[in-house]
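One structure is given below, encoded as structure tokens.
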Amino acid sequence: MSRTWNFNAGPAVLPEEVLEQVKADLPEIGKSGMSVMELSHRGKAYMAIHQEAAANVRTLMGLPDDYAVLFLQGGASTQFAMVPRNLLTDGQTADYVHTGSWASKAIQEAKLVGRVNLAADTSKERPCRIPKLSELKLTSGAAYVHLTSNETIEGTQWMEFPKSDAPLVADMSSDILSRPIDAGRFALIYAGAQKNIGPAGVTLVIIRKDVAARVSERVPKIFRYATHIEEDSLYNTPPCFAIYVVALVTRWLLKQGSLEAIGARNRAKAQRLYGVIDSGFYRPTAAKECRSQMNVTFRLPSEELEMAFIAEAEAQGMVGLKGHRSVGGARASIYNAMPSEGVEALAVFMQEFARRHG
Ligand code: PMP
């Protein structure tokens, strides 16, 4: 088979090497006599996989010992609800930075639980942007500060993070493990796996253990971080197959080098596309200083040209370039597993399309 260049926003491209390993392991993993899907989640063979996935995340991010690495279910959307139910205790205020579509979903859930202060709101601004740190109006004594490190739909990304006394919480669904970050600055990081680290069905949660202790007894046990920390994500049956793929992807990431090296490669890929966009014909939709290295969003001179662009790209083996329906235009998602060759193919196509239609 010939693989297409997959620019989907998520589920998204996975490393070919990982897919080959999955194929080889499928009928029997190790010497277990069965596939990974058939293993008992409490058996030795599965435990080794579970622990490797967590250890790889820990190594890649350089996590301090007081952090737990959890593999949960329900997607990042469940985290929108779990975060305030665990961390927003009675009478407190949570600060949320409203940067766009995904921040909005997180805010809506938090409002169901308690008081929310919008520390900044750039969600309606065009070009799309992330607020400057000096614009943030943080509440003193806030329960926590929540931000979306990469807005997948708008194509914007935080380049530096606020320093706050309150615990910092980040939805990193679309840029987890794509660049170095100082993990110790965050009290809680969550990310659906299906963009940068694996298939849909598992959500990575990295949590400083002390913040999990605040939870009220009224929160159902399954929705408490404390439960999952105590049980090492084995309180109930985990999504074993998805966690196994995360173990393989993070093993692959470790082979790529450090997050510095991975980040440099991602930056170079993004710069190649922004270089084409900046040379005219295409119009970027995100402000220059906060353009995402993961989701490159742009418009063409007309909707007709946008449709032609997406159709022609597809005919040339490049799929998933349609922008999200809420913002339109085009979007190239170029996560960790998108090779430079795929980005180069797209850049060349974009230049050629602009020459023909410009
Ligand atoms: N946050 C961000 C930044 C996302 O991109 C997405 C999914 N595209 C979500 C949250 C929601 O994730 P899920 O579908 O796993 O609930």
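Since we're looking at a predicted model, the values are computed, not measured. Positions are given from 1, in the same order as the sequence printed here.
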Separation between CG of Leu138 and CG of Leu168, rounded to the nearest 0.5 Å: 9.5 Å
Over all atoms of both residues, closest heavy-atom pair of Ala212 and Tyr225: CB-CB, 4.0 Å
Ring centroid separation for Phe349 and Phe309, is it under 6.0 angstrom? yes
Where is the tightest heavy-atom contact between Ala143 and Leu87, given as atom of each residue plus distance? CB-O, 3.5 Å
Strictly distance-based, threshold 3.5 Å: is any side-chain N or O of His98 a donor or acceptor partner for the main-chain N or O of Lys124? no
So Trp158 and Phe161, would you call those rings parallel, tilted or perpendicular, with 30° and 60° as cut-offs? parallel
To the nearest 0.5 Å, what is the distance between CZ (Arg356) and CZ (Phe281)? 9.5 Å
Separation between CG (Leu19) and CG (Leu14), nearest 0.5 Å, reads 5.5 Å
Tell me whether the centres of the aromatic rings in Phe80 and Tyr96 are closer together than 6.0 Å. no
Arg331 side chain vs Phe298 backbone, donor-acceptor pair below 3.5 Å: no
State, without any angle test, whether Asn6 and Thr4 hold a side-chain donor-acceptor pair at a distance under 3.5 Å. no
Is it the case that more than 12 heavy atoms not belonging to Asp165 sit under 6.0 Å from its CG atom? no
Does the side chain of Asn336 pick up a donor-acceptor pair with the side chain of Ser178 at under 3.5 Å? no
Between Tyr274 and Ser292 the two heavy atoms that sit nearest each other are OH-O, 2.6 Å
Value rounded to 0.5 Å, distance of CG in Leu188 from CE in Met82: 8.5 Å
CE (Met159) with more than 12 external heavy atoms under 6.0 Å: yes
Regarding Thr89 and Gln92, is there a side-chain donor-to-acceptor distance under 3.5 Å anywhere? yes
Name of the residue among Ile334, Asn150, Asn266 meeting side-chain contact (heavy atoms from CB on, under 4.5 Å) with Gln293: Asn266
Ignoring hydrogens and geometry beyond distance, is a side-chain donor-acceptor pair present between Thr156 and Glu151 at under 3.5 Å? no
Salt bridge check, Glu230 against Arg224: does any charged N sit closer than 4.0 Å to a carboxylate O? no
Quick check: is Tyr67 connected to Val211 through a chain of hydrophobic side chains (ILVMFWY, heavy atoms under 4.5 Å apart)? no
State plainly whether the residues Lys195 and Asp175 are in salt-bridge range, i.e. N to O under 4.0 Å. no
Can you confirm whether Arg42 is buried at CZ, in the sense that more than 12 heavy atoms of other residues, nucleotides or ligands lie under 6.0 Å from that atom? yes
Between Gln108 and Ser104: side-chain donor-acceptor atoms closer than 3.5 Å: yes
Which heavy atom of Pro84 sits nearest a heavy atom of Ala110, and at what distance? CG-CA, 3.7 Å
Ignoring hydrogens and geometry, is there a side-chain-to-backbone donor-acceptor pair from Gln316 to Ala313 under 3.5 Å? no
Verify, without hydrogens or angle tests, whether Thr139 (side chain) and Ala142 (backbone) share a donor-acceptor contact under 3.5 angstrom. no
Modelled atom types, side-chain donor and acceptor of Gln21 and Arg251, under 3.5 Å: no
Of all heavy-atom pairs between Ile153 and Ser326, which one has the smallest distance, and what is that distance? CG2-OG, 3.6 Å
Measuring from Arg179:CZ to Asn196:CG, what's the distance to the nearest 0.5 Å? 11.0 Å
CD1 of Ile181 to CE of Met172: how many Å apart, nearest 0.5 Å? 3.5 Å
Minimum heavy-atom distance Gly192-Ala76, with the two atoms named: N-CB, 4.1 Å
From the list Arg85, Arg218, Arg214, salt bridge (charged side-chain N to carboxylate O under 4.0 Å, His left out) partner of Asp90 resolves to Arg218
Between Asp278 and Arg291, is the closest basic N to carboxylate O distance under 4.0 Å? yes
Fit a plane to each ring of Phe71 and His50, take the angle between them on a 0 to 90° scale, and name the class: parallel (under 30°), tilted (30 to 60°) or perpendicular (over 60°). perpendicular
Without hydrogens or angle criteria, can the side chains of Thr285 and Thr297 be said to hold a donor-acceptor pair below 3.5 Å? yes
Can you see whether Thr148 engages Asp171 through a side-chain donor-acceptor pair at a distance of less than 3.5 angstrom? no
